[in-house]
Amino acid sequence: MAAAGEGTPSSRGPRRDPPRRPPRNGHGKLLFKDGSYYEGAFVDGEITGEGRRHWAWSGDTFSGQFVLGEPQGYGVMEYKAGGCYEGEVSHGMREGHGFLVDRDGQVYQGSFHDNKRHGPGQMLFQNGDKYDGDWVRDRRQGHGVLRCADGSTYKGQWHSDVFSGLGSMAHCSGVTYYGLWINGHPAEQATRIVILGPEVMEVAQGSPFSVNVQLLQDHGEIAKSESGRVLQISAGVRYVQLSAYSEVNFFKVDRDNQETLIQTPFGFECIPYPVSSPAAGVPGPRAAKGGAEADVPLPRGDLELHLGALHGQEDTPGGLLARGHAPHCPGACQRVEQGCAEFTDVLLGPPPPGYHPFLFLDSLHKAGGRSRGGLHPRGTPPTAQEPPGGSRPEGRATEEQAAAAHLGEYVLMIRDVTTPPFLGRRLPPAFKHLRVVAKRAGQPPHVLEEGPEASSSWQAAHSCTPEPPAPR
């Protein structure tokens, strides 16, 4: 006898398959009303074992181990939005150790908790940066090492995905910082450059001298936690329209050698002037826009002469640099060590071609009163001690004096030329008022003078006047 519910084709009509139900045990496929499905193992009618499930509402698909209908154990999740995860799961969420690739192609390998990166882990970011350290709920927190694509490295404490706590950074520019970080920024970072010495430094004509520089924090302390910034020394000579009776040195510049004026904090403008200092083997900054020759380290002991600062760098603070010229090779550079730097054997050179001084001597003023100086032919500029009248006073200028800077007022400038800038920012330049005075008998050549006595020697120097404009 046929079993109950069964019939022959002739008596029951066309046979219809009953609705599909999951098998109690074994392999099968279960379809859901929203279009989702599961295909894989069943145990006692439950989704348990190896299988594959697709969620129609999200478009995600999981292939791996299931327990009572939920991903549990180990498997691979493919996300519709992009990316995938392979590793341990619990109740359908990432839990334990795993490997995650997000929609942007960034890769994380490490510990997960509650579906988030949590615990030790490594991550390769889209920009090429690599992080190896602690995570807390999808944020870098604890101790970690960040190796940036540009070559910079940070080792230390993190909080809420930024540098926070004690840490050290070796920047790709050569700058190093070790100390406290707050919200991603060095707490003891240098914010300004200071040139040590009196308000007006006085130096004997033709004598080399030293310049000491410090990097200071906001509150005035030396930034000892920071080393490696590249500082460049440059100079300028005072350039103002003065009367014929002025006792301040003035240079007339040929039209073919016109320089953009540099603003100073001393109430006057200046034009770049040659200054030299032994090269310290410091790699120069990259060429600015407009093109420049490749930086070549100078041999030890050589002096490199260069005018002012680099021209044409758009990121120069304050717009103090003249534009329109290719930058000179930065031989007169020093790297900072624990917030300090020293430029030794600094020397102001003779006026470059196209710079024509007009000088007056106090001795002539006293003898014959003040008189307007005559014009010198451009091809025969006067020497440091030669008066416009033509005859020399007592004490002929030596060859050393003729090859030195004329007596008068100058400006020293120290610029941060670190390349690339440390943490995206260069320090503003520092200025020092410099006065070149006549050398005294027995005066040590390397000693800077200051005070009233030194000032009086400068007052006995040349006075001068600009060349009147050429007739049109």
Side-chain angles (χ1 to χ4, degrees), residues 150-152 169-179 185-197 210-236 262-265 270 272 275 277-289 292 295 297 304 306-323 325-344 346 411-432 434:
D150 64 5
S152 304
M169 171 171 281
H171 194 255
C172 59
S173 63
V175 178
T176 60
Y177 174 87
Y178 177 79
H185 300 282
E188 301 170 354
Q189 181 181 9
T191 57
R192 56 194 173 102
I193 305 171
V194 172
I195 304 174
L196 303 183
S210 296
V211 177
N212 290 280
V213 179
Q214 291 180 346
L215 304 188
L216 301 185
Q217 306 172 44
D218 279 331
H219 50 77
E221 294 292 327
I222 301 175
K224 295 183 178 180
S225 298
E226 184 179 309
S227 297
R229 283 189 192 264
V230 180
L231 303 182
Q232 182 188 50
I233 188 170
S234 58
I262 301 174
Q263 300 292 333
T264 74
C270 66
V275 64
S277 179
V282 178
R286 298 172 184 170
K289 292 184 178 180
D295 298 325
E304 179 173 85
H306 54 143
L307 299 178
L310 299 179
H311 294 291
Q313 290 191 342
E314 295 181 353
D315 54 358
T316 303
L320 296 174
L321 302 188
R323 300 181 182 274
H325 301 273
H328 299 271
C329 292
C333 292
Q334 291 287 345
R335 281 200 183 271
V336 174
E337 293 294 334
Q338 295 184 346
C340 300
E342 181 181 18
F343 294 85
T344 59
V346 179
V411 174
L412 287 179
M413 293 165 280
I414 303 293
R415 287 181 169 87
D416 179 4
V417 295
T418 307
T419 305
F422 180 52
L423 299 181
R425 176 181 175 272
R426 288 196 176 108
L427 301 179
F431 297 82
K432 178 63 71 174
L434 182 69

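For clarity, every value in this text was computed on a predicted model and none was experimentally measured.
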Is there a side-chain contact (heavy atoms from CB on, under 4.5 Å) between Val230 and Thr419? Walk through the geometry before answering.
CA-CA 8 Å; Val230 180; Thr419 305; over 6 Å; no
Which pairs count as salt bridge (charged side-chain N to carboxylate O under 4.0 Å, His left out) when at least one residue sits in residues 215-224, sequence neighbours excluded?
none
For Ser173, enumerate each residue passing the side chain to side chain contact (heavy atoms under 4.5 Å, CB included) test, keeping only those at least two apart in sequence or located in another chain.
His171, Val175, Thr418, Pro420
So which atom in Phe343 and which in Ala332 form the shortest heavy-atom distance, rounded to 0.1 Å?
CE2-O, 3.5 Å
Under the side chain to side chain donor-acceptor pair (under 3.5 Å) rule, collect the residues that match up with Glu188, sequence neighbours excluded.
Ser225
To the nearest 0.5 Å, atom CG of Leu427 lies from atom CZ of Arg415 at 13.0 Å
How far apart are the closest heavy atoms of Ala430 and Ile193, and which atoms are they?
CB-O, 3.3 Å
Who are the side chain to side chain donor-acceptor pair (under 3.5 Å) partners of Ser152, not counting sequence neighbours?
Asp150
Using 0.5 Å steps for rounding, measure from the CG atom of Leu215 to the CD atom of Gln338.
12.0 Å
Write down the atom of Gln189, the atom of Glu226, and the distance for their closest heavy-atom approach.
CG-OE1, 4.0 Å
Taken to the nearest 0.5 Å, the spacing of Ile233 CD1 from Lys432 NZ works out to 12.0 Å
Closest contact, heavy atoms only, Tyr177 versus Pro186:
CZ-CB, 3.4 Å
CD on Gln232 to CD on Gln334, rounded to 0.5 Å:
11.5 Å
Taking every heavy atom of Met169 against every heavy atom of Phe422, the minimum-distance pair comes out as SD-CE1, 3.9 Å
Find the distance between CD1 (Ile262) and CE (Met413) and round it off to the nearest 0.5 Å.
4.5 Å
I'd like to check the side chain to side chain contact (heavy atoms under 4.5 Å, CB included) partners of Glu342; sequence neighbours left out, ordered by chain and number.
Ser210, Asn212, Thr344
Would you compute the distance between atom CG of Leu412 and atom OG of Ser234 and round it to the nearest 0.5 angstrom?
8.0 Å
Under the side chain to side chain contact (heavy atoms under 4.5 Å, CB included) rule, collect the residues that match up with Gln214, sequence neighbours excluded.
Leu196, Leu216, Ile222, Cys340
